[in-house]
Each structure stands twice: as structure tokens, then as C-alpha cells.
Amino acid sequence: MCVLRVSSNRDSFTAFLATTRLPVDQSHVKGDVKSKRKGTTYGDFGFSCLVSEREWIDASGQIEDAVHFLQVHSAELRTLTSEYQIDDIRLDFPFESRLSEQVLAQFDSLSPRLVRMCAEYGMGIEISH
């Protein structure tokens, strides 16, 4: 379940989100309530998009979906990164931990193609275990 996360301290994405074909899952503006229980609000503008619906155990499938996502949405990502002051843009890959008493190390790799494509947009990569 890979997700694209984008945030800015200065620019609202409202106009972009009104016309984009990106599969936006969630968005917020500065000051929106983040947690009613804690009484916190967002200190930035942001949105997220679902990039892959594959299970956490399917790292290679998530990576394949992310490459496809970046290809399909390249024009919109170029517009986004050139017209907005983005403070953080990243792909968040949740990979299932395989560590146990029998498995003492886990190695997951990202394809050079994915890394190259992310670099083109100044996009970071986060791996959540």
C-alpha cells in the first residue's frame, strides 16, 4: 500500500487538486483539525495519493506499481513540482517486517529505475516496517 505524500508550508494545493487526475486519497489545508481528541491542527498544506494497493508483504509489486504511477502521472508531477513550493514529497512504502528469532536480517532493495524517477521530481523514498 504505497502512498505519495506531499506538503508545503507556504503553498495551498487547492487549485491543483481541483483539476488533477492524481488519485488523491486525503488533503488538508493549514489550520484544519488534525486530531479533535488532542486538539491539534495541521501546520502545513498537504495531500496524499494511493500509489499501490498491494499488500505490505509484496514489496516488489508496490515498487512496480510506483514506477507505473510515476510514468502515468509524469506531466502532473512536473507541474506540481515546478509550480508549487514543496517542502516534502515522498513515496512511502510499507514493507512487512520478516524479522524473527529465525530471521535476523531483512534486505529490501529499490530498483535503480524507481530511484531515478523519484530523483527527477526531487521525491524522497520512505520505507515503513
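Just so you know, residue 1 is the first one in the sequence shown, and it goes up from there.
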(request) Go through the steps to decide whether Phe93 and Val51 satisfy the test side chain to side chain contact (heavy atoms under 4.5 Å, CB included), and finish with yes or no. (result) CA-CA 9 Å; Phe93 289 92; Val51 174; over 6 Å; no
(request) Check the pair Cys2, Asp65 against side chain to side chain contact (heavy atoms under 4.5 Å, CB included), reporting the backbone distance first and the verdict last. (result) CA-CA 8 Å; Cys2 179; Asp65 288 351; over 6 Å; no
(request) Determine, step by step, whether Leu22 and Phe47 satisfy the side chain to side chain contact (heavy atoms under 4.5 Å, CB included) criterion, reporting the C-alpha distance in whole Å, the side-chain angles of both residues, the deciding distance to 0.1 Å, and the verdict. (result) CA-CA 11 Å; Leu22 290 173; Phe47 69 92; 4.3 Å; yes
(message) Checking Leu80 against Thr20 for the side chain to side chain contact (heavy atoms under 4.5 Å, CB included) test, could you report, in this order, the C-alpha distance in whole Å, the side-chain angles of both residues, the deciding distance, and whether it holds?
(response) CA-CA 10 Å; Leu80 175 65; Thr20 188; over 6 Å; no
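Between Gln62 and Pro94 the shortest side-chain heavy-atom distance falls below 4.5 Å. Within the 4.5 Å cutoff, side-chain heavy atoms of Ser8 are placed close to those of Phe13.
Residues Val72 and Leu17 do not share a hydrophobic cluster, defined by chaining ILVMFWY side chains whose heavy atoms lie under 4.5 Å apart. Met1 and Val24 are members of different hydrophobic clusters when ILVMFWY side chains are connected at heavy-atom separations under 4.5 Å. Placement of Ile127 and Leu70 within a single hydrophobic cluster is found when ILVMFWY residues are connected by side-chain heavy-atom separations under 4.5 Å, directly or transitively. Grouping the Ile, Leu, Val, Met, Phe, Trp and Tyr side chains by contacts below 4.5 angstrom, directly or via other members, places Leu4 with Phe95. Hydrophobic clustering keeps Ile86 apart from Val3 (ILVMFWY residues linked when any side-chain heavy atoms are closer than 4.5 Å, directly or through intermediates).
More than 12 heavy atoms of other residues, nucleotides or ligands lie within 6.0 Å of NE2 in His129, so this atom counts as buried by the packing criterion. Within a 6.0 Å sphere centred on CD of Gln26, heavy atoms belonging to other residues, nucleotides or ligands number more than 12. Atom NZ of Lys30 has more than 12 heavy atoms from other residues, nucleotides or ligands within 6.0 Å. Atom CD of Glu76 has more than 12 heavy atoms from other residues, nucleotides or ligands within 6.0 Å.
Minimum heavy-atom separation, Leu114 to Val67: CB-CG2, 4.0 Å. Taking each heavy atom of Leu91 and Cys118 in turn, the nearest pair found is CD1-SG, 3.6 Å. The minimum heavy-atom distance between Ser128 and Asp92, with the atom names listed, is OG-OD1, 2.8 Å.
Atom OG of residue Ser7 and atom OH of residue Tyr42 lie 11.0 Å apart, to the nearest 0.5 angstrom. Between Tyr84 atom OH and Ser12 atom OG the span is 7.5 Å, to the nearest 0.5 Å. The OH atom of Tyr121 lies 4.5 Å from the CZ atom of Arg78; values are rounded to the nearest 0.5 Å. Thr40 OG1 to Asp32 CG: the interatomic distance, rounded to the nearest 0.5 Å, is 11.5 Å. Atom CG of residue Asp87 and atom CG of residue Asp44 lie 8.0 Å apart, to the nearest 0.5 angstrom. Expressed to the nearest 0.5 Å, how far OG of Ser48 lies from NE2 of His28 amounts to 9.0 Å.
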